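The structure presented is a predicted model; accordingly, all values stated were derived computationally and were not measured.
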Amino acid sequence: MKKKLISLLLCGAMAMSMLAGCSSSSSSTTTSSSSESSSSTESASEETTDETADTTEETTGGQYEGMKIALVGKSAGNAFFEIAAATFVSTVEAEGGTVDVVYPEEATADAQIKVLDNLISQDYDAICLSANDTNALQAKLEEAMEAGIAISSFDSAPNAESRQIFVNQAGTVEVAQALVDAVYDITGGEGQWAILSATSQASNQNAWIEAMEEIIENDDKYANLELVEIAYGDDEAQKSTDQTEALIQKYPDLEVICAPTTVGIAAAAKYLQDNGCSCKLTGLGLPSEMEAYTGDGDEYSCPYFYLWDMEGLGTLSAYATMALAAGEITGALGETLSAGELGEFTITEADDGGTEIVLGLPLEFTPENVSAYAELY
């Protein structure tokens, strides 16, 4: 939003010579749709005549022309986040903005705080993040908002004071109910089961787990299910594998592991299937990573699992972030958001007292449909 026509006109005569030396920036912890690269490309395509400048504006312009957004992940290598990030970036770019996708060095709050500290000084219009901790980021996110940066989040929310809006992939209770019912179904309604989560501070994981525990506690239908342990794989494949092995060794009668994390469920599925374990698996996973482990026979570790529309989550989050940065919404209860082909959404109250936009219900992936979805996700 800070592009100046005068600068473009002055740069026009030098544009072709500059183009050869322009490239997008990146680093080992950052994948970016660089605003620097975008500006260079636009400068190269500008001519000094008003007629050509008008044509370029019609070609490259968008509703949020020049908007600069940072998208902060929990850590690098999370396939779920990368799918959502791709549609987030393409949605913003289609509207004329740019996105820098930034990953902390590790999946911790401290590492995300370092990232945020660096971003605040770089003149972003908005920061959207998937939080590694519910409360630890508050001071830094409040600092960003005081600096005039719009703060949104998706997948995993910081607390209500640390954000203006959260884009929720599916309602917390709806996800929890689906997972509890899957455990009930796979165990036959009784027996030992365990949870393999991400980090102990992950707000989305904790919200689903708390809702699962509340559902079981308040409904006698689940009285014969015994939750023996909640283990944490920190969204790392090797640690999740180690935790799966530890659960199997510690609980010989364990019937089901529920992993509400795409990294954890993939690691657990491989371990259980490679080792011929009788313990079964369900949770939240990517079809492309779970296809080989999903089936009805004893040789498969996972009868079925859930997730949601990852591309839709990225798209909806992009529209919400752009609208927030442009002042079209404030994140207040009852406001409405137009999200292109996804349609209209209403901002509702979140479980933590803040506000959220809910994408939809979780999707069930079975032996019958997992291959088709694997081609998409």
Please tabulate, one pair per line, all N/O donor-acceptor pairs under 3.5 Å involving side-chain atoms of residues 207-219, not counting sequence neighbours.
unit_1: Asn218; atom_1: ND2; unit_2: Glu214; atom_2: O; d: 3.1
unit_1: Asp219; atom_1: OD1; unit_2: Lys221; atom_2: N; d: 3.0

Could you list the donor-acceptor pairs under 3.5 angstrom formed between side-chain atoms of residues 148-155 and any protein atom two or more places apart in sequence or on another chain?
unit_1: Ser152; atom_1: OG; unit_2: Thr321; atom_2: OG1; d: 2.7
unit_1: Asp155; atom_1: OD1; unit_2: Gln169; atom_2: NE2; d: 3.0
unit_1: Asp155; atom_1: OD1; unit_2: Asn204; atom_2: ND2; d: 3.2
unit_1: Asp155; atom_1: OD2; unit_2: Ser130; atom_2: OG; d: 2.9

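Counting heavy atoms from C-beta on, the side chains of Pro260 and Leu179 come closer than 4.5 Å. Annotation: side chain of Leu225 is in contact with side chain of Tyr184 (closest heavy-atom distance under 4.5 Å).
With Leu307 as reference, Leu284 is the one residue of Leu284, Leu363, Leu313 to meet the side chain to side chain contact (heavy atoms under 4.5 Å, CB included) rule. Among Thr91, Leu337, Asp125, the single residue meeting the side chain to side chain contact (heavy atoms under 4.5 Å, CB included) criterion with Met322 is Thr91.
Follow the hydrophobic side-chain contacts under 4.5 Å out from Trp308 and you reach Leu376 in the same cluster. In terms of hydrophobic clustering, with Ile, Leu, Val, Met, Phe, Trp and Tyr side chains grouped at heavy-atom distances under 4.5 Å, Leu342 and Ile165 are assigned to a common cluster. The hydrophobic cluster containing Tyr300 does not contain Tyr271, counting ILVMFWY residues as joined when their side-chain heavy atoms lie under 4.5 angstrom apart, directly or transitively. A continuous path of Ile, Leu, Val, Met, Phe, Trp and Tyr side chains, each step under 4.5 Å between heavy atoms, connects Met290 with Tyr304, placing both in one hydrophobic cluster. Linking Ile, Leu, Val, Met, Phe, Trp and Tyr residues whenever their side-chain heavy atoms come within less than 4.5 Å places Tyr232 and Val256 in a single cluster.
Listed by chain and residue number, Leu196, Glu229, Gln243, Leu247 satisfy the side-chain contact (heavy atoms from CB on, under 4.5 Å) test with Ala231 (two or more places apart in sequence, or in another chain).
Across all their heavy atoms, Ala182 and Thr282 have their closest contact at CB-OG1, 3.7 Å. For the residue pair Tyr124 and Ala70, the shortest heavy atom distance occurs at CD2-N, 3.5 Å. Here the shortest heavy-atom pairing between Gly73 and Phe81 reads CA-CZ, 3.4 Å.
Sorted by first then second residue, the salt bridge (charged side-chain N to carboxylate O under 4.0 Å, His left out) pairs that include residues 259-287, not counting sequence neighbours, are Lys270-Asp274. The salt bridge (charged side-chain N to carboxylate O under 4.0 Å, His left out) analysis of residues 339-356, with sequence neighbours excluded, yields the pairs Arg163-Asp352. Residue pairs meeting the salt bridge (charged side-chain N to carboxylate O under 4.0 Å, His left out) criterion with at least one member in residues 299-313: none, sequence neighbours excluded.
Side chain of Gln138 to backbone of Asn135: no donor-acceptor contact under 3.5 angstrom is found. Between the Ser288 side chain and the Tyr377 main chain, a donor and an acceptor come within less than 3.5 Å of each other. In terms of modelled atom types and a separation under 3.5 Å, the side chain of Asn369 and the main chain of Glu364 share a donor-acceptor contact. Proximity of a side-chain donor or acceptor of Asn132 to a complementary backbone N or O of Ala109 within less than 3.5 Å is not detected.
Side-chain polar atoms of Thr261 and Gln205 form no donor-acceptor pair below 3.5 angstrom. Under 3.5 Å, the side chains of Asp242 and Gln238 contain a donor-acceptor pair of N or O atoms. A donor atom on one side chain and an acceptor atom on the other are found under 3.5 Å apart for Asp181 and Tyr222.
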For Phe88 and Val101, run side chain to side chain contact (heavy atoms under 4.5 Å, CB included): C-alpha distance rounded to whole Å, both residues' side-chain angles, the deciding distance at 0.1 Å, then the answer.
CA-CA 10 Å; Phe88 187 105; Val101 182; over 6 Å; no
Using side chain to side chain contact (heavy atoms under 4.5 Å, CB included), reason through Leu286 and Met310 one step at a time and then give a plain yes or no.
CA-CA 9 Å; Leu286 287 165; Met310 290 78 74; 3.3 Å; yes
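Residue Tyr251 qualifies as enclosed at atom OH: its count of foreign heavy atoms under 6.0 Å is above 12.
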